[in-house]
Every structure is written in structure tokens, then in C-alpha cells.
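All ligand and atom numbering here is 1-based and tracks the order in the structure.
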Amino acid sequence: MYTDLVMDHFSNPRNVGEIEDADGVGQIGNPVCGDVMRISIDVDDDRIADVKFKTFGCGAAVATSSMVTEMVKGQTLAAAAAISNKAVAEALGGLPPNKMHCSNLAADALHLAIQDYLIKAGREAEVPQILKALPKAHEHSSL
Ligand code: FES
């Protein structure tokens, strides 16, 4: 049912926790199941210097969150903002169709953390520019 990569990230999740005094924090609830995801980031020179996640979610949510933290560490804000929920699920080799909604949490929480950082940094005007490549929130929630 789950790929080896999903099982690996579920069993040994990377970057679990919360960054103290983070530069940006994003939290989102999954409308399908009510689970919650929180991602905190530190930004240095417009790159994600550190990223951590906490979730009250299922195994698939843990795996997608773990994967997204690995995908974006060291990336520019723009590159991180362009990572979609679908791309995270694909990087894990896919999720069972009835668990695709779980992948909505990870990238969306990350995008909210980036938005939070930009606003706190007084760069609110750049939000539409940096987050322009985003798919609509919960584009895949019907899967
Ligand atoms: Fe809620 Fe998977 S069942 S995130």
C-alpha cells in the first residue's frame, strides 16, 4: 500500500520539532480529516537555512512533511514556494489515492511559513511574486 520511501520517512522522520524564534511559521488544518501541520523555517540570504515540522497527522502526513523538509532545506524561497503538494507525493513514489489529501498539509504549511517570513520581514509586497507558482490551495484535496 505504501512505498518503501513513505515507510522510511514515516519510521525515521527528518527534521521533527520546532525552531525556536523561527523566522517564519505556517500552520494549517486538513479540512478532510481535521489533522494539523506546523512548519517553522529559518531564512538566511533568501534561502531556507533550517526547517522543522510538527504534526498531529497520520503516517502519510508525517512522511510527506518529512519529505518536504528535505526537499526545501538550502533552497531559495522561490524554489521552495514552487514545490507543490503533488510534487511531494511524487517524490515519495506516490500515496494511495485515499491518502492523497494527507499530502496537502506539508507543502501548504511550508508556503504559509514562507508567507509569514516575508510579512515579518516587511516584504509583504513580494508575497504574490514569490508565491506565484503555487497551485491553488487544496487543489488535490478531492483525490
Ligand atoms: Fe489526516 Fe492523513 S488522515 S493527514
Side-chain angles (χ1 to χ4, degrees), residues 1-44 46-121 123-124 126-143:
M1 184 176 173
Y2 291 111
T3 66
D4 289 348
L5 252 182
V6 171
M7 291 310 295
D8 178 32
H9 278 267
F10 168 61
S11 307
N12 306 293
R14 282 65 146 179
N15 306 306
V16 176
E18 180 141 18
I19 298 171
E20 250 181 73
D21 298 322
D23 292 335
V25 177
Q27 182 166 312
I28 191 161
N30 191 323
V32 179
C33 60
D35 290 340
V36 177
M37 167 70 57
R38 188 175 168 90
I39 286 188
S40 50
I41 57 171
D42 267 347
V43 179
D44 189 18
D46 255 18
R47 286 182 184 270
I48 309 256
D50 198 9
V51 52
K52 290 196 185 301
F53 81 91
K54 267 187 175 172
T55 185
F56 290 99
C58 67
V62 171
T64 50
S65 307
S66 171
M67 175 54 89
V68 83
T69 61
E70 288 228 305
M71 289 170 81
V72 303
K73 214 179 231 188
Q75 295 286 328
T76 63
L77 292 178
I83 290 176
S84 65
N85 295 317
K86 193 173 168 210
V88 178
E90 283 173 0
L92 285 166
L95 286 169
N98 65 342
K99 300 301 279 182
M100 277 304 288
H101 72 90
C102 310
S103 68
N104 289 340
L105 294 178
D108 287 354
L110 171 74
H111 299 150
L112 288 174
I114 292 171
Q115 184 182 45
D116 184 50
Y117 161 73
L118 289 170
I119 290 169
K120 281 181 182 157
R123 296 167 59 184
E124 196 165 354
E126 292 175 60
V127 169
Q129 199 185 328
I130 290 182
L131 294 171
K132 71 180 171 209
L134 283 180
K136 284 188 185 71
H138 304 303
E139 185 184 338
H140 307 291
S141 61
S142 60
L143 291 176

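Residue side and main chain included, H101 places no N/O/S atom under 2.8 Å of atom 2 (Fe) of ligand 1. For residue C33, no N/O/S atom approaches atom 2 (Fe) of ligand 1 to within less than 2.8 Å.
Between P13 and V62, some side-chain heavy-atom pair lies under the 4.5 Å cut-off.
At a threshold of 4.0 Å, the pair R14-D8 counts as salt-bridged, since one of the basic side-chain nitrogens sits closer than that to a carboxylate oxygen.
If you number the atoms of ligand 1 from 1 as listed, the ones under 4.0 Å from a heavy atom of A61 come out as 4 (S). For ligand 1, the atoms lying closer than 4.0 Å to a non-hydrogen atom of K99 are 2 (Fe), 3 (S). Every atom of ligand 1 is numbered from 1 in the order shown, and the set under 4.0 Å from a heavy atom of C58 is 2 (Fe), 3 (S), 4 (S).
Closest approach of P96 and M1 over heavy atoms only: CG-O, 3.4 Å. In this structure, A107 and N85 approach most closely via the heavy-atom pair CB-OD1, 2.9 Å.
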Carefully, step by step, assess L77 and L118 under the rule side-chain contact (heavy atoms from CB on, under 4.5 Å). CA-CA 10 Å; L77 292 178; L118 289 170; 4.3 Å; yes

Evaluation steps, side-chain contact (heavy atoms from CB on, under 4.5 Å), between T64 and L105: CA-CA 8 Å; T64 50; L105 294 178; 5.8 Å; no

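Ligand 1 lies nowhere less than 4.0 angstrom from a heavy atom belonging to M37.
In terms of protein heavy atoms, atom 4 (S) of ligand 1 is closest to D35 OD2, 3.3 Å.
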